[in-house]
Each structure stands twice: as structure tokens, then as C-alpha cells.
Amino acid sequence: MTVERRDAEGLAAPPGYSHVAVAAGATLVFTAGAVPIDAGGELVGPGDVEAQTERVLANLLRQLQEGGARPADVVKTTVYVASDHDAMIRVWEVVQRSPIASAPSTLLGVALLGYTGQLVEIEATAVVG
């Protein structure tokens with residue numbers, strides 16, 4: 001399995017991720033949106049987007065591991081933030097310090113997420129060979 005990350009000529013350089021990931025491999029791994037919920041079902045970091053993002057990333061990495069994928073195998077992420085633009089920037093800064101930072105990604109502001117008090121959710125697609 002190989003994942004090649006590329007930036008498209010003629011487009012502005014992306015801030016910390018790649019425009020495109022080209023994957024060749026045998027197995028696709030799709031995660032459900034990882035949420036800031038601990039093993040006991042409790043929300044982590046109420047009102048704190050950074051704490052929620054750290055928990056979401058930890059949960060996402062565990063999901064990927066369960067699917068047999070490593071962070072380097074991730075070919076696409078979508079980051080959902082239910083807050084204001086400042087919070088989106090803070091969430092993105094945490095994501096950019098994570099092992100999945102270089103994957104092509106979409107950052108979206110949304111009105112609500114599934115759990116009361118939830119501010120962040122991240123889903124990923126990986127390719128493993």
C-alpha cells in the first residue's frame with residue numbers, strides 16, 4: 001500500500017495539509033465520526049474546543065487502529081466544529097499537531113453535533129494494503 005500526497009500546481013499552498021492523496025492498496029477503512037466521549041460515555045472538555053479535539057483525535061486514532069490503519073494511511077479527513085470561526089482556528093491548530101495533519105482535509109463549521117455540548121467531530125478514510 002502506498003499513499004502519495006500532492007499539492008496541485010496553480011493553487012495556493014494549503015495550510016498544513018495536502019490538496020490530494022493518491023492511494024493504491026487493497027483495503028479501505030472508513031471511520032464513523034470520532035467524538036469527544038470517554039470510555040464511560042461522558043463528554044470530555046465541556047466548552048473547551050482544544051480538550052475536545054485532543055479527545056476526538058485519540059478516539060479517531062483508536063478507531064483507525066481497530067481497522068488496521070496507521071495515521072500515515074489516512075487519505076482524507078473531515079473536521080466538524082460547532083462553534084465560531086475562532087474556535088475553528090483553535091481546533092485546526094490542534095489537528096495540525098496530530099499524526100493525521102498532512103492528510104487532505106475539509107474543515108466545516110456546523111450548527112450542531114450529536115451529543116449535548118459536543119463541539120468537535122472528525123471522520124477519516126484510510127487505505128491499507
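Remember, predicted model here, so these are calculated numbers, not experimental data. FYI, side chains are in, hydrogens and waters are out, and symmetry mates aren't considered; it's all heavy atoms of this structure.
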Participant: With rounding to the nearest 0.5 Å, note down the distance linking CD in Glu66 to OG1 in Thr31.
Facilitator: 12.5 Å
Participant: Assess whether a salt bridge exists between Arg97 and Glu93, defined as any Lys/Arg side-chain N lying under 4.0 Å from an Asp/Glu carboxylate O.
Facilitator: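 Between Glu93 and Arg97 there is no salt bridge, as every charged N stays at least 4.0 Å from the carboxylate O atoms.
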Participant: Thr106 side chain to Thr78 main-chain N or O, any donor-acceptor pair under 3.5 Å?
Facilitator: no
Participant: Of all the heavy-atom pairs spanning Pro71 and Arg5, show the shortest one and how long it is.
Facilitator: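 Shortest heavy-atom contact: O-NH2, 4.3 Å.
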Participant: Short question: side chain of Asp73, backbone of Ala126 - any donor-acceptor pair under 3.5 Å?
Facilitator: no
Participant: Measure from the side-chain N and O atoms of Asp7 to the backbone N and O of Ser18, and report whether any donor-acceptor pair falls under 3.5 Å.
Facilitator: no
Participant: Could you give all pairs that pass the side chain to side chain donor-acceptor pair (under 3.5 Å) test and reach residues 36-55, with sequence neighbours left out?
Facilitator: Glu50-Arg90
Participant: In the structure I gave you, are the side-chain heavy atoms of Val81 and Leu119 within less than 4.5 Å of one another anywhere?
Facilitator: no
Participant: Is a side-chain N or O of His19 found less than 3.5 angstrom from the main chain of Ala12, in a donor-acceptor match?
Facilitator: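 Yes; at least one donor-acceptor contact below 3.5 Å.
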Participant: Do you know which two heavy atoms are closest between Gly68 and Val128, and how far apart they sit?
Facilitator: O-CG1, 3.4 Å
Participant: Return yes when atom CG of Leu11 has more than 12 non-hydrogen atoms of other residues, nucleotides or ligands closer than 6.0 Å, and no otherwise.
Facilitator: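 Yes - once you tally the heavy atoms of other residues, nucleotides and ligands closer than 6.0 Å, there are more than 12.
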Participant: Any donor and acceptor pair, going by atom type alone, linking the side chain of Asn59 with main-chain N or O of Pro36 inside 3.5 Å?
Facilitator: no
Participant: Test side-chain contact (heavy atoms from CB on, under 4.5 Å) on Thr116 and Leu43; report intermediate values, then the result.
Facilitator: CA-CA 8 Å; Thr116 301; Leu43 180 72; over 6 Å; no
Participant: Test side chain to side chain donor-acceptor pair (under 3.5 Å) on Gln96 and Tyr17; report intermediate values, then the result.
Facilitator: CA-CA 8 Å; Gln96 285 304 292; Tyr17 61 92; over 6 Å; no
Participant: Using the rule given for side-chain contact (heavy atoms from CB on, under 4.5 Å), can you reason through Gln118 versus Val35, listing the C-alpha separation, both sets of side-chain angles and the distance that settles it, and then say yes or no?
Facilitator: CA-CA 8 Å; Gln118 179 185 356; Val35 297; 3.3 Å; yes
Participant: Would a single hydrophobic cluster contain both Val29 and Leu60, if residues Ile, Leu, Val, Met, Phe, Trp and Tyr are joined by side-chain heavy-atom contacts under 4.5 Å?
Facilitator: no
Participant: Got Val95 and Ile122 here, is their nearest side-chain heavy-atom distance under 4.5 Å?
Facilitator: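 When only atoms from C-beta onward are counted, Ile122 and Val95 do touch, with a gap below 4.5 Å.
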Participant: Please check if Leu28 and Val75 belong to a single hydrophobic cluster, counting links between Ile, Leu, Val, Met, Phe, Trp and Tyr side chain heavy atoms closer than 4.5 Å.
Facilitator: yes
Participant: Do Tyr80 and Met88 share a hydrophobic cluster (ILVMFWY, side-chain heavy atoms under 4.5 Å, transitive)?
Facilitator: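 Hydrophobic grouping puts Tyr80 apart from Met88.
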Participant: Nearest heavy-atom pair of Val3 and Ala21: which atoms, and what distance?
Facilitator: CG1-CB, 4.2 Å
Participant: Report the distance from atom CD1 of Ile37 to atom CD of Glu121, rounding to the nearest 0.5 Å.
Facilitator: 9.5 Å
Participant: Are Trp92 and Val120 co-members of a hydrophobic cluster defined by side-chain heavy atoms under 4.5 Å apart?
Facilitator: yes
Participant: Decide whether Leu61 and Val56 are clustered together by the hydrophobic rule: side chain heavy atoms of Ile, Leu, Val, Met, Phe, Trp, Tyr closer than 4.5 Å, transitively.
Facilitator: yes
Participant: Start with the C-alpha gap between Phe30 and Glu123, add the side-chain angles, then the distance that decides, and say whether side-chain contact (heavy atoms from CB on, under 4.5 Å) holds.
Facilitator: CA-CA 8 Å; Phe30 297 93; Glu123 63 184 16; over 6 Å; no
